[in-house]
Amino acid sequence: MDSQLKIYNSLSKDKEVFTPLIPGRVGMYVCGPTVYNNVHLGNCRTFVSFDIIYRYLLHLGYKVRYVRNITDVGHLEGDHDTGAEDKLGKMARLEQLEPMEVAQKYTVGFHDMMKIFNTLPPNIEPRATGHIPEQIEMVQTIINNGYGYEANGSVYFDTIKFAESSGMYGKLSGRKIEDLMAESRDNLKKQDEKRHPSDFAIWIKADPEHLMRWNSPWSLGFPGWHLECSAMSTKYLGTQFDIHGGGGDLKFPHHENEVAQNFGACNCNPARTWMHGNMLLLNGKKMSKSDGNSIMPEELFTGNSAHISKGYSPMVIRFFMLQTHYRSTLDLTDEALQAAEKGYRRLMEAYASLQKMTLTGDGQRSEQDGEVAALIKGVKAEMDDDFNTPKALALLFEAVSKINSWKDGHQSMAGLGESTLSALKDLFQTFLFDIFGLKDEAAAGDNHFKTLDGLMQLVIDMRQDARTRKDWPASDKIRDTLKELSIQLKDGKEGTAWTME
RNA sequence: GGUCGGGUGGCCGAGUGGCUAGGCAGAGGUCUGCAAAACCUCGUACGGCGGUUCGAAUCCGCUCCCGACCUCCA
């Protein structure tokens, strides 16, 4: 709890020592998906990043309230926030479903995928359509405070007024208000209703064909995108809270407008720390369906895609994500995934070896003990430095070399203290599973695995007998046949281990 | 065009004013019946050109290239 956790704040563009508003507690809001289609992989990366952040905060002992919304109304297709079709409404029309059926379908799919990636569920997962009264109330408050105005049944946020009174419109995304004002677009519909081009809709009067609409003091309509996050973060975390996160592409306009709305409603800045994950690229380019530069999670698992040579398991992908800092772009390539797969296995195998180890030395501590102790401290220090998972992982891999050396007798464990060894075991257990959220897929402890392992021990014994007799054809036949079945035997000093490839 | 972020060894990726992560691949070695696995050693990289400095890949300037955002996007 007394850690010196530092977090990079997009608002100040600097790393800051993290101090929660209420000691011991953290309120964290992360922008969730708009459930109009299957989650795509970039989405998953953002949520995995924040999952690790959430897990680490829990590890530090904070009582965290993690809120991640589901947006199921208000998010429009096309050019601007008026005159375009709602994403959910469009899918509903195309698939001939109720909008809520669309939302339900993709919400379930999203949850399934989050589970596959082993992310912890948020504490509250509010839906935009479940908070229409709260949003209407917020619009009214914004109007009352003089930051919103009605025009023809729609309500707009007055960005110029906000910029003048707060001086911070554009601060989060590094934009100048003059530039925003100059960004007038010819193809903008309903531009005439706005006082300034940079103003945005917080309540939109529905066209007759619009599927989702609610009564409000201004019109039969629906809330603007951005507003749901402002209303729901306020409801569950208060007008001010600790962390607001999301993908980097949400900085503008979504987050910028959120700040504005919250300020307009409460005259205060909502989140103290803004965190943004970076993009996932595919072969050096942003994923884009229209260019064919895209891959769905399922395709990644099955290998059914022209971009990859084979399938990769969810935990390999999670490990792959951990190897890059959350604020860096991550380039997904087949070669990089292969490297990640091997690295992930090596780490898991070393973990298994470590847990079985007992001390062989005399308990006299030597230099080696100090090295391991420093390593253990280092891993935590890296996570305290803005959740630096790649560096923490690098240190764990240094431990992997040591573990394998001890195991194969290349290096003596002499000089390692009992408490140091057990701290190292704890470190692996805690970081790999509790914080990084990995699972050991090979040893996915079900009954079948137990049976298989028993069977394998028998086969290994029989091969060992053959080897003792120097019956090389027999022993090699066992080894080679298993290899064809994707089971690899690994001969070591202490006998033979096996793994599934 | 505007704004921002990058260009690191074969690939992916940390980091940072001097002690020069890590993973994967490659080379050599140890071990082994052979192999695999494992371990050890090795390649001394930071787009280009200038400048600041005792010293820069790390700071500054210029330049080239790439990406993101500016419009739906995590």
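A note on names: the letters A, B, ... follow the listed sequences, proteins ahead of strands, and every chain is numbered from 1.
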Using the [atom1] atom as the point on both nucleotides, what is the distance between [M] and [N], in whole Å?
N	M	atom1	answer
B/rG26	B/rU20	P	26 Å
B/rA38	B/rA45	P	28 Å
B/rC46	B/rA21	C1'	14 Å
B/rU63	B/rC69	C1'	24 Å
B/rG23	B/rC19	C1'	23 Å
B/rU8	B/rC59	P	16 Å
B/rU32	B/rA36	C1'	10 Å

Starting from [atom2] on [N], measure out to [atom1] on [X] and report it in whole angstrom.
X	N	atom1	atom2	result
A/E341	B/rG22	CD	P	22 Å
A/Q323	B/rC12	CD	P	13 Å
A/I70	B/rA74	CD1	C1'	13 Å
A/H276	B/rG67	NE2	P	23 Å
A/W225	B/rC72	CH2	P	7 Å
A/R318	B/rG23	CZ	P	21 Å
A/R469	B/rG33	CZ	C1'	15 Å

Subject >> A/Y8-A/F387 aromatic ring centre distance below 6.0 Å >> reply: no
Original post:
For RNA chain B, whose closest nucleotide is more 5', that of A/L281 or that of A/K13?
Top reply: A/K13
Looking only at side-chain atoms of [X], point me to the closest of [options].
X	options	answer
A/R463	B/rA74, B/rG33, B/rG22	B/rG33
A/L280	B/rC12, B/rA74, B/rA37	B/rA74
A/Q488	B/rG33, B/rA38, B/rA36	B/rA36
A/P390	B/rA74, B/rG23, B/rA14	B/rA14
A/F252	B/rC39, B/rC69, B/rC12	B/rC69
A/E335	B/rG23, B/rC11, B/rC70	B/rC11
A/K285	B/rG67, B/rA14, B/rA74	B/rG67
A/H325	B/rA14, B/rC69, B/rA37	B/rA14
A/A336	B/rA14, B/rA21, B/rC12	B/rC12
A/P253	B/rA37, B/rA74, B/rC70	B/rC70

Is there a donor and acceptor pair, one atom on the side chain of [X] and one on the base of [N], closer than 3.5 Å?
X	N	value
A/R479	B/rA35	yes
A/D471	B/rG33	no
A/T329	B/rG6	no

Original post:
With a 3.5 Å cut-off and no angle check, do the side chains of A/N388 and A/Y326 form a donor-acceptor pair?
Top reply: no
Original post:
Is the ring centre of A/W472 under 5.5 Å from the base ring centre of B/rG33, and are the two planes under 30° apart, so that they stack?
Top reply: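 Whether judged by distance or by angle, A/W472 passes, so it stacks on the base of B/rG33.
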**OP:** Using atom types as modelled and distance alone, determine if a side-chain donor or acceptor of A/S366 lies under 3.5 Å from a backbone N or O of A/Q368.
**Re:**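 Confirmed, A/S366 side chain pairs with A/Q368 backbone.
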Original post:
A/D199 side chain to A/Y156 main-chain N or O, any donor-acceptor pair under 3.5 Å?
Top reply: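 Not at all, since once roles are kept as given, no pair shorter than 3.5 Å links the two residues.
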**OP:** For residues A/W406 and A/M357, determine if any side-chain heavy atom of one lies less than 4.5 Å from a side-chain heavy atom of the other.
**Re:** yes
Original post:
Do the rings of A/Y66 and A/Y54 sit parallel, tilted or perpendicular, given the 30° and 60° boundaries?
Top reply: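 Rings of A/Y66 and A/Y54: tilted, as their planes differ by 30° to 60°.
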Would one find a side-chain N or O of [X] under 4.0 angstrom from OP1 or OP2 of [N]?
X	N	value
A/R346	B/rG23	yes
A/S328	B/rA14	yes
A/K342	B/rA25	yes
A/N404	B/rA38	no
A/K407	B/rA38	no

**OP:** Name all stems that contain residues of RNA chain B, defined as runs of 3 or more consecutive Watson-Crick or G-U wobble pairs, both distances under 3.5 Å.
**Re:** B:1-7 with B:64-70, B:10-12 with B:22-24, B:26-30 with B:38-42, B:47-51 with B:59-63
Original post:
How would you list, by chain and number, every residue that makes a ring pair (Phe, Tyr, Trp, His ring centres under 6.0 Å) with A/H325, sequence neighbours excluded?
Top reply: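 In terms of ring pair (Phe, Tyr, Trp, His ring centres under 6.0 Å), with neighbours along the sequence ignored, A/H325 is linked to no residue.
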**OP:** Would you mind telling me which of A/K171, A/H244, A/H276 makes a side-chain hydrogen bond (donor to acceptor under 3.5 Å, both in side chains) with A/S10?
**Re:** A/H276
**OP:** Looking at every strand, decide which applies to A/H254 at a 4.0 Å heavy-atom threshold: base, sugar-phosphate, or nothing.
**Re:** nothing
**OP:** Heavy atoms only: give me the nearest A/S305-A/E299 pair and the separation to one decimal.
**Re:**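 Answer, listing the atom of A/S305 first, then A/E299: CB-CB, 4.2 Å.
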Original post:
Measuring from A/D249:CG to A/T46:OG1, what's the distance to the nearest 0.5 Å?
Top reply: 7.0 Å
